[in-house]
K.L.:
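Take this structure, written in C-alpha cells, and hold onto it; I'll ask about it next.
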There are 2 protein chains.
Amino acid sequence: MAEKRTSKVTITEVAKLAGVSTATAGRVLGGYGYTSEDNKERVRASAEKLGYRPNLLARSLITGKTKTIGVVAGDIQSPFYASILRGIADVARAQGFGVLLTNSDELLERELEAVQLLLEKQIDGLIIAPCDIYDSAHLHAAVRAGCPIVQIDRIVNGLAGDSVTVDNRAASRNCISQLLAAGHHRIGMIAELERWASGNVETFLDRVLDSSLDPATLFPSWQRLFGYIEAHAAAGIPIDRDLIGRVGAYSAEAAKTRTMALLSRPDRPTALFTVDGLTSAVAMDAITALNLRIPDDLSLICFDDLDWMTFIKPGITAVAQPLTAMGEAAAQLMLARIKGDDGPMQHLSLEPTFAQRGSVAAPMFATTA
Amino acid sequence: MAEKRTSKVTITEVAKLAGVSTATAGRVLGGYGYTSEDNKERVRASAEKLGYRPNLLARSLITGKTKTIGVVAGDIQSPFYASILRGIADVARAQGFGVLLTNSDELLERELEAVQLLLEKQIDGLIIAPCDIYDSAHLHAAVRAGCPIVQIDRIVNGLAGDSVTVDNRAASRNCISQLLAAGHHRIGMIAELERWASGNVETFLDRVLDSSLDPATLFPSWQRLFGYIEAHAAAGIPIDRDLIGRVGAYSAEAAKTRTMALLSRPDRPTALFTVDGLTSAVAMDAITALNLRIPDDLSLICFDDLDWMTFIKPGITAVAQPLTAMGEAAAQLMLARIKGDDGPMQHLSLEPTFAQRGSVAAPMFATTA
DNA sequence: ATCAATTGTGCGAACGTTCTCATATTTAGG
DNA sequence: CCTAAATATGAGAACGTTCGCACAATTGAT
C-alpha cells in the first residue's frame with residue numbers, strides 16, 4: 001500500500017497541540033478527574049482538529065475492563081438465539097458495551113474454543129447457552145478467574161453464575177393438560193432429548209414419577225418431557241412410550257425421519273407436541289407431506305412461537321418464550337455483575353405466554369386401540 | 001469481593017518460572033521467532049502449570065491487529081441478517097477471528113454510533129449493510145483511516161470498499177416475467193422503497209424506461225422495482241401505478257396497512273410480488289385475514305425464501321438469496337484485505353436460486369377493467 | 001580456516017492509554 | 001490570617017505483550 005497515514009492520532013499529539021500534558025489531555029478526553037474549563041475547551045478543540053479517536057485497547061489494557069461481553073450461542077441462525085441476541089445487544093449498546101459473538105453449534109469442542117478466545121480477548125463477562133450442564137470445567141474455571149457468567153436456557157449444575165430460563169416443565173405440563181382436556185389420550189411428542197446423565201427414557205419416566213429428580217438439573221427438552229409425564233400422571237392417563245419421539249440430536253433430518261415414522265404409524269397419535277422451533281418446522285413439513293389436516297386429523301401444540309404460526313391455515317397454538325426479554329434480562333444481570341454486584345446468584349425464570357390459536361380440537365375418532 | 005486472585009498470570013511470571021527472559025517466553029508462547037527445543041518445553045510446561053492465558057489486548061496494542069471484525073447488521077433478529085452473520089462468523093472463527101456485532105435498525109444515527117464504537121475498539125475490518133448509500137461520510141473516513149470495508153446487500157456510491165450483493169434487478173425481472181407469462185396483467189408489488197435520492201416513483205419509472213439510471217446506485221427494493229418495470233416494458237404491458245405498494249419504511253405495521261389496502265381494492269391485482277422477508281410474512285398474514293386462496297384468488301412470488309414457504313398450503317414460489325454464502329464471501333473478502341490484499345475493489349454478485357413451488361397459476365378472471 | 005548465514009537469547013523500548021504521586025493553586029470556613 | 005479541603009496540572013510508572021537490536025553460538029559452504 002502506497003499510503004497508510006492518518007488513523008493513528010494519539011492523545012500525546014492532541015496534548016502537544018493543546019499545549020498541555022498527556023495526563024491533562026487524558027483527563028478531559030477520558031472524562032475522569034479535574035480539569036479547568038479553559039483546558040477542556042483547548043483539548044477538545046485540538047482533538048476535533050486532529051480527528052482524534054481514543055484507542056479503547058490501550059484504555060482496556062490499563063483499566064482491565066473492555067466494556068465487551070462475550071456471547072456463546074448455539075446457532076444465531078435460529079430465531080431462538082437470534083432473538084435472545086437481539087435483546088442482549090440492545091441492552092449492551094445502551095450501556096456502551098460491545099458484543100463479541102460466537103456459535104457453538106451445541107458442540108462442546110466449539111464451545112471450549114469459543115470461551116477460550118473470548119477470555120483471551122478479555123471480555124468483562126460471558127453470556128452462554130452451555131452445551132454440557134453436568135461438568136463444564138472450563139466454565140467453572142472462567143468464574144474462578146473472575147469472569148462473571150450468565151447462563152441462558154439451561155443451567156450447569158453447581159456453576160456459580162446467574163441464569164435466565166423459562167419454566168419449561170410447567171409450560172409443557174400446561175400444553176399437555178390442554179390436549180388431554182380436549183380428549184386426546186394418545187399425544188405424540190417430538191423432542192431432541194440428546195443427553196441425560198443418568199440413563200434412558202424408561203429410567204427417566206420412573207425417576208419423574210417417584211419424584212426423585214430435580215428438573216433444574218436437566219436440559220430443556222428433558223424438562224419438557226418432565227411436564228409431559230406429569231400431565232399424564234395428573235390426568236391418570238398411561239403413557240405409550242412409543243409416542244415419545246426422541247430424536248437424539250439437534251438435526252432437522254433426524255427429526256424429520258423420527259416425525260414421519262411417528263405420524264405414519266397405524267396407531268398414530270391424535271395430537272402432537274413439538275418441543276422447539278426446529279421440530280415444529282419439521283413437524284409442519286411432515287404434516288404437509290402426509291397430507292394431514294390440522295386440527296381435524298391431528299391437533300398440534302408447539303413450543304416456541306414462530307411467525308408463520310399466525311397465518312398458516314388454522315393458527316398454530318403455541319407457547320411463546322419471551323426471547324428478547326430473556327436476552328435483555330441476561331444482559332442486565334451481566335452488567336450488574338460487571339458493575340460489581342456480588343450478591344447471591346440469581347436464577348430468573350421468565351413467564352412464557354400461551355398463544356391459543358386454532359390447531360387444537362377434540363380427536364375425531366380413536367385410530368386404534 | 002473477598003478474593004480476586006488468579007486470572008492475571010502474565011508472561012513475565014511464566015518466564016521467571018521457566019528461567020528465561022520474557023522475550024524468549026514470548027517467542028515460544030507467541031510462536032514468532034527462534035527458540036531452542038529445550039526452552040520451548042520448559043516455557044510450555046511453566047505456562048501450563050500457572051494456567052497462563054495470553055492477553056490479546058496487549059498483543060493487539062503492539063501489533064496493531066485485533067483479529068476482530070466488526071459487523072453492522074440491520075437487525076440480527078431477521079432471518080436475512082441472521083443467516084449472513086452466520087456465514088461471517090463461520091469463516092471468521094475458522095481463521096481465529098472474532099466478530100463484534102451491532103445492529104443499526106437501518107437508522108443512520110445508530111450506524112454512526114456503531115461504527116464509531118467498532119473503530120475505537122480497533123477492529124481490523126468492517127462488514128456493513130450501509131443505511132445511507134448516497135453519502136456516508138463516516139464510511140469514507142473509516143476507509144481513509146485504513147479500515148477495510150465490505151458492504152453487504154447494497155453499495156455506497158463511490159465508496160472504496162468491496163461488496164457482496166445479489167442481482168436484484170435481474171431476479172425481480174425474472175419473477176415478474178414468470179407472472180406475466182402466466183397471464184397476469186395486474187401484478188401488485190409490496191416494497192419498502194424508502195429512500196431514493198432523485199425523486200418519487202413516477203420520476204423513477206421514467207428514468208428506468210429511458211435507461212438513464214444505474215441500478216447499482218440503488219437500494220435493493222428500488223432495484224427490484226427496476227426489474228418489475230423492465231419486465232413489464234419487455235412484455236409490453238402498461239404499469240398501473242396504483243399497484244406499486246410503496247410502504248416507505250421498514251415497518252411491519254405500515255406494510256400490513258399498505259398490503260390490506262392493495263388487496264382490498266375492487267380491482268385488486270391477480271398476482272402479488274413481495275420484495276423481502278418482512279413484506280412476505282405480512283402479505284401472507286393479510287392474505288389469510290382476507291381469506292384469499294393461493295393461487296386461485298391470488299398468485300404469489302416472494303423475494304427471500306423463508307422456511308414456512310415450503311410447507312404452507314401450496315408451496316410459495318420464491319427467490320432465495322444465498323445468505324450464508326454471502327456472509328462467507330464477505331468475510332473471505334475481508335480477511336483477504338486484512339492480510340494485505342490491495343488489489344482493485346471487488347464487487348461480488350452472487351446468484352440467487354429460484355424455488356418454483358405452487359403459488360403461481362393463471363388468473364381466474366379479470367377482476368375489473 | 002574463513003566468512004556468511006542461520007539459530008538462539010536477553011535487554012529495553014515500544015504500543016496508547018490511565019493511574020499514582022508530587023505539587024501548585026484556589027476556595028471556604030473559622 | 002490560617003488551615004483544610006477541593007481543584008488543577010505534569011512527570012513518569014504502570015498494563016502485558018511484541019519488536020528492534022546487540023550479541024553469541026552454531027551451522028555450512030567456499
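Here the structure is a predicted model, which means the values were calculated and not measured. Lettering of chains follows the sequences in order, A, B, ..., and the numbering in each one begins at 1.
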K.L.:
Run the numbers on B/His140 and B/Val143 for side-chain contact (heavy atoms from CB on, under 4.5 Å), then give the verdict.
P.N.:
CA-CA 5 Å; B/His140 284 93; B/Val143 170; 5.9 Å; no

K.L.:
Holding to side chain to side chain donor-acceptor pair (under 3.5 Å), I want the full list of residues that pass it with B/Thr66, two or more places apart in sequence or in another chain.
P.N.:
B/Asp124

K.L.:
I'd like a table of atom pairs between the protein and nucleotides 21-27 of chain D - only N or O on both sides, under 3.5 Å - with the distance next to each one.
P.N.:
none

K.L.:
Who pairs with B/Ser104 by side chain to side chain donor-acceptor pair (under 3.5 Å), at least two apart in sequence or on another chain?
P.N.:
none

K.L.:
In this structure, how many angstroms lie between the P atom of C/dG8 and the OH atom of B/Tyr32, rounded?
P.N.:
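Checked: the OH to P distance equals 15 Å.
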
K.L.:
Only counting residues at least two apart or in another chain, list the ones meeting side chain to side chain donor-acceptor pair (under 3.5 Å) with B/Thr68.
P.N.:
A/Lys121

K.L.:
Taking atom NZ of A/Lys16 as the centre, does the number of heavy atoms from other residues, nucleotides or ligands within less than 6.0 Å exceed 12?
P.N.:
no

K.L.:
So, does A/Asn39 get its side chain near the phosphate of D/dA8, meaning an N or O under 4.0 Å from OP1 or OP2?
P.N.:
no

K.L.:
To the nearest Å, how far apart are A/Leu29 CG and C/dT18 P?
P.N.:
8 Å

K.L.:
I'd like to know if the side chain of A/Gln116 pairs up with that of A/Glu120 as donor and acceptor (distance under 3.5 Å, no hydrogens or angles considered).
P.N.:
yes

K.L.:
Under 6.0 Å from the six-membered ring centre of A/Phe219 and within 45° of its axis: does the NZ or CZ of A/Arg195 meet both?
P.N.:
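Judged by the rule (NZ or CZ under 6.0 Å from the ring centre, within 45° of its axis), A/Arg195 counts as positioned above A/Phe219.
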
K.L.:
Determine which pairs satisfy salt bridge (Lys or Arg N to Asp or Glu O under 4.0 Å) with at least one residue from residues 41-52 of chain A, sequence neighbours left out, and list them in order.
P.N.:
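Sorted result for residues 41-52 of chain A: A/Asp38-A/Arg42.
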
K.L.:
For B/Thr24, which residues count as a side chain to side chain donor-acceptor pair (under 3.5 Å) partner, sequence neighbours excluded?
P.N.:
B/Ser21

K.L.:
What pairs of residues pass the salt bridge (Lys or Arg N to Asp or Glu O under 4.0 Å) test when at least one of them lies in residues 152-164 of chain A, not counting sequence neighbours?
P.N.:
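Output for this query lists A/Glu106-A/Arg154, A/Asp162-A/Arg337.
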
K.L.:
For nucleotides 12-16 of chain C, give me every protein contact, N/O to N/O, under 3.5 Å, one pair per line with atom names.
P.N.:
none

K.L.:
Tabulate atom names and distances for all N/O pairs under 3.5 angstrom spanning the protein and nucleotides 3-7 of chain D.
P.N.:
from, atom 1, to, atom 2, distance (Å)
D/dT7, OP2, A/Tyr34, OH, 2.8

K.L.:
Which residue pairs satisfy the salt bridge (Lys or Arg N to Asp or Glu O under 4.0 Å) criterion with at least one member in residues 85-100 of chain B, sequence neighbours excluded?
P.N.:
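Output for this query lists A/Asp75-B/Arg86, A/Asp105-B/Arg86, B/Arg86-B/Asp90.
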
K.L.:
Round to a whole Å and report the spacing from CZ of A/Arg42 to P of D/dA8.
P.N.:
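Atom-to-atom, A/Arg42 to D/dA8, this comes out as 14 Å.
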
K.L.:
Let me check the geometry of the helix from C/dA1-D/dT30 to C/dG30-D/dC1. What is the bend angle between the axes at its two ends, five pairs each, to 10°?
P.N.:
20°

K.L.:
With respect to the phosphate group of D/dG10, does any side-chain polar atom (N or O) of A/Thr24 fall under 4.0 Å of OP1 or OP2?
P.N.:
yes

K.L.:
Taking atom types as modelled, find out whether B/Ser163 and B/Thr165 have a side-chain donor-acceptor pair closer than 3.5 angstrom.
P.N.:
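No pair is found: no donor N or O on one side chain lies under 3.5 Å from an acceptor on the other.
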
K.L.:
Figure out the CD/C1' separation between B/Glu37 and C/dT9, and round it to whole Å.
P.N.:
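After rounding, the gap between these two atoms is 16 Å.
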
K.L.:
What side-chain donor-acceptor pairs closer than 3.5 Å can you find for residues 129-139 of chain A, not counting sequence neighbours?
P.N.:
from, atom 1, to, atom 2, distance (Å)
A/Asp132, OD1, A/Tyr134, N, 2.9
A/Asp135, OD1, A/Ala137, N, 3.4
A/Ser136, OG, A/Asp132, O, 2.5
A/His138, NE2, A/Glu111, OE2, 2.7

